[in-house]
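What follows is a set of notes on a single structure, which appears directly below.
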Amino acid sequence: MSATERPSGQQQTGRSATRATDGSAFVRACRREPVSHTPVWFMRQAGRSLPEYRKVREGTAMLESCMRPDLVTEITLQPVRRHQVDAAIYFSDIVVPLKAIGLDLDIKPGVGPVVEQPIRTRADLERLRPLEPDDVKYVTEAVGMLVGELGATPLIGFAGAPFTLASYLVEGGPSRNHEHTKALMYGDPELWAELLDRLADITAAFLKVQIEAGASAVQLFDSWVGALAPADYRRSVMPASTKVFDAVAGYGVPRIHFGVGTGELLGLLGEAGADVVGVDWRVPLDEAARRVGPGRALQGNLDPAVLFAPRAAVETKAAEVLDAARGLEGHIFNLGHGVLPTTDPDALTRLVEYVHTHTERSV
Ligand code: CP3
């Protein structure tokens, strides 16, 4: 059956259903199936690097824009139109489900998420109630609109992983050393485990909403987990992330697991339950494949700062990524972390074209 014969993604949601995006290079690469070209998308592709994003966001606060389906749809589609990327990522933020259950938090421009009253005691845990689909009706609505607009282009849903969410909640904001977070993790392992378990349930519920509404894949962002040693990750964090992956396994949509500075954790990130492991630029993809082991695709891993170099240098570095990925069972080209806000959008468009033309093959 060709992609055009498949019914639309919206009618085909639910457990193990086929979707209009099943034949896309992105979904096929996640599943380690042969592809006509290496698929490309960029973390933070929707955002401040695009003038059209800055224009539609004018006068609307970040969290408020995440709750407006019309804005979410427009912003999510902008990089797909401009760069011809192989997947869209749902425009939102990792703290949206926490705001939706009533936590007093905000996203401060140039700073990031800030939590009015940090969560550090057993009594504080009570503020973390379960997430119900009705708490995020705007997400269901926006994903539905997007799936209709995107057709055969996959939409990636996402959520923050329990550790990275816990870091913001316990610290009260962004943190370099995660000292309060680690103090809780080492000092009160029982309370820590309960905190991560509650966050796992909220995260799983949030991902389910996106998948049920038609998302073709999900990515769990554990951006700050590279701060941990492998033994601590395995003992204190992995059970919660595994709970999230297990909760959405039955849908059959690819599950991507991403973190930064995770060279020593790559094997465990796969073991936690992912189909695809995201890799930053510090470990070449062939070495990452050895660390992750067989049975999982890889996503990455150009240094986002490379895009500030002249075009020839960008292409040399992109070719290095593609060379290291040669022979991998599944490779999705991405940056090793998000697009930096002052990146020239034309450099991103050229990079997509470069990857497409240099990986074209017959399947
Ligand atoms: O295009 C996409 O990737 C989708 C949008 C997206 C945003 N945040 C939009 C956003 C995604 C996937 C995220 C996830 C996110 N948010 C993560 C994990 C990914 C990563 O980068 O590691 C983290 C750690 C956050 C927390 C957060 N939210 C930070 C650190 C910031 C930046 C603060 C700043 O102003 O520099 C935000 C705000 C945010 N989230 C912006 C965007 C586009 C910038 C706000 C704005 O444009 O006004």
Side-chain angles (χ1 to χ4, degrees), residues 40-68 71-83 85-99 105-115 139 142-143 146 154-169 171-176 178 181 203 206-207 210 215 217-227 256-262 278-281 299-301 304 332 334-343 345 348:
V40 195
W41 71 279
F42 303 119
M43 292 179 278
R44 295 280 175 97
Q45 64 191 17
R48 281 173 294 186
S49 65
L50 301 184
E52 58 270 36
Y53 168 81
R54 297 195 296 268
K55 185 150 188 273
V56 294
R57 272 289 319 283
E58 240 167 62
T60 312
M62 177 63 194
L63 280 173
E64 196 191 327
S65 27
C66 295
M67 293 170 195
R68 282 190 33 196
L71 263 184
V72 169
T73 302
E74 167 58 22
I75 293 171
T76 301
L77 293 174
Q78 284 176 347
V80 181
R81 288 189 204 117
R82 184 192 264 263
H83 303 310
V85 281
D86 293 88
I89 180 155
Y90 183 77
F91 180 78
S92 182
D93 194 81
I94 57 168
V95 296
V96 163
L98 302 176
K99 182 79 179 174
L105 59 84
D106 201 2
I107 295 179
K108 296 240 156 82
V111 178
V114 177
V115 183
V139 175
V143 172
L146 276 164
L155 176 69
I156 304 168
F158 76 90
F163 176 79
T164 291
L165 292 178
S167 169
Y168 284 109
L169 291 179
E171 302 295 334
S175 163
R176 181 182 288 268
H178 311 281
T181 312
T203 296
F206 190 59
L207 291 179
Q210 297 172 70
V218 286
Q219 176 155 323
L220 194 64
F221 281 96
D222 213 348
S223 303
W224 312 140
V225 80
I256 309 169
H257 200 178
F258 170 78
V260 183
T262 53
V279 182
D280 78 11
W281 59 93
Q299 177 173 279
N301 68 343
I332 299 104
N334 205 316
L335 305 178
H337 200 178
V339 171
L340 296 165
T342 53
T343 304
L348 290 167

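First listed ligand is number 1; within each ligand, the first listed atom is number 1.
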Using modelled atom types and a 3.5 Å cut-off, is there a donor and acceptor pairing between side-chain atoms of Q78 and backbone atoms of E52? yes
Considering non-hydrogen atoms only, spot the tightest contact between L98 and L169 and give its length. CD1-CD2, 4.0 Å
Atom 35 (O) of ligand 1: the protein heavy-atom neighbour that sits closest, reported with distance to 0.1 Å: G110 N, 2.7 Å
Name the closest protein heavy atom to atom 23 (C) of ligand 1, giving the residue it belongs to and the distance to 0.1 Å. I94 CD1, 3.6 Å
Check: N334 side chain, G300 main-chain N or O, donor-acceptor pair, under 3.5 Å: no
Donor-acceptor under 3.5 Å (S92 side chain, C66 main chain): no
Among Y168, Y53, Y90, F221, whose heavy atom sits nearest atom 4 (C) of ligand 1? Y90
Nearest protein heavy atom with distance in Å, relative to atom 31 (C) of ligand 1: R44 NH2, 3.8 Å
Could you check which of Q78, R48, Q45 puts a non-hydrogen atom nearest to atom 36 (O) of ligand 1? R48
So which protein heavy atom does atom 28 (N) of ligand 1 come closest to, and at what separation? D93 OD1, 2.7 Å
List the closest protein heavy-atom neighbour of atom 22 (O) of ligand 1: residue, atom name, distance to the nearest 0.1 Å. S223 OG, 2.4 Å
Does ligand 1 come near enough to A46 that some N or O of the ligand is less than 3.5 Å from an N or O of the residue? yes
Between D222 and G259, is there a donor-acceptor pair closer than 3.5 Å when you use the side chain of the first and the backbone of the second? no
Per-atom contacts, ligand 1 versus R57 - under 4.0 Å to a heavy atom: 46 (C), 47 (O), 48 (O)
Going by salt bridge (Lys or Arg N to Asp or Glu O under 4.0 Å), name the residues that satisfy it together with R48, two or more places apart in sequence or in a different chain. none
Heavy-atom distance to atom 26 (C) of ligand 1: which of G173, G112, P113 wins? P113
the protein heavy atom lying closest to atom 38 (C) of ligand 1 turns out to be I107 CG2, 3.5 Å
Please write down residue, atom name and distance for the protein heavy atom closest to atom 42 (C) of ligand 1. M62 CE, 3.6 Å
Between P174 and ligand 1, which part of the residue brings a heavy atom under 4.0 Å of the ligand: side chain, backbone, both or neither? neither
For atom 5 (C) of ligand 1, the closest protein heavy atom turns out to be S92 O, 3.7 Å
Do any N or O atoms from the side chain of E171 and from the backbone of T181 form a donor-acceptor pair under 3.5 angstrom? yes
Non-neighbouring partners of E74 that pass salt bridge (Lys or Arg N to Asp or Glu O under 4.0 Å), sequence neighbours left out: R81
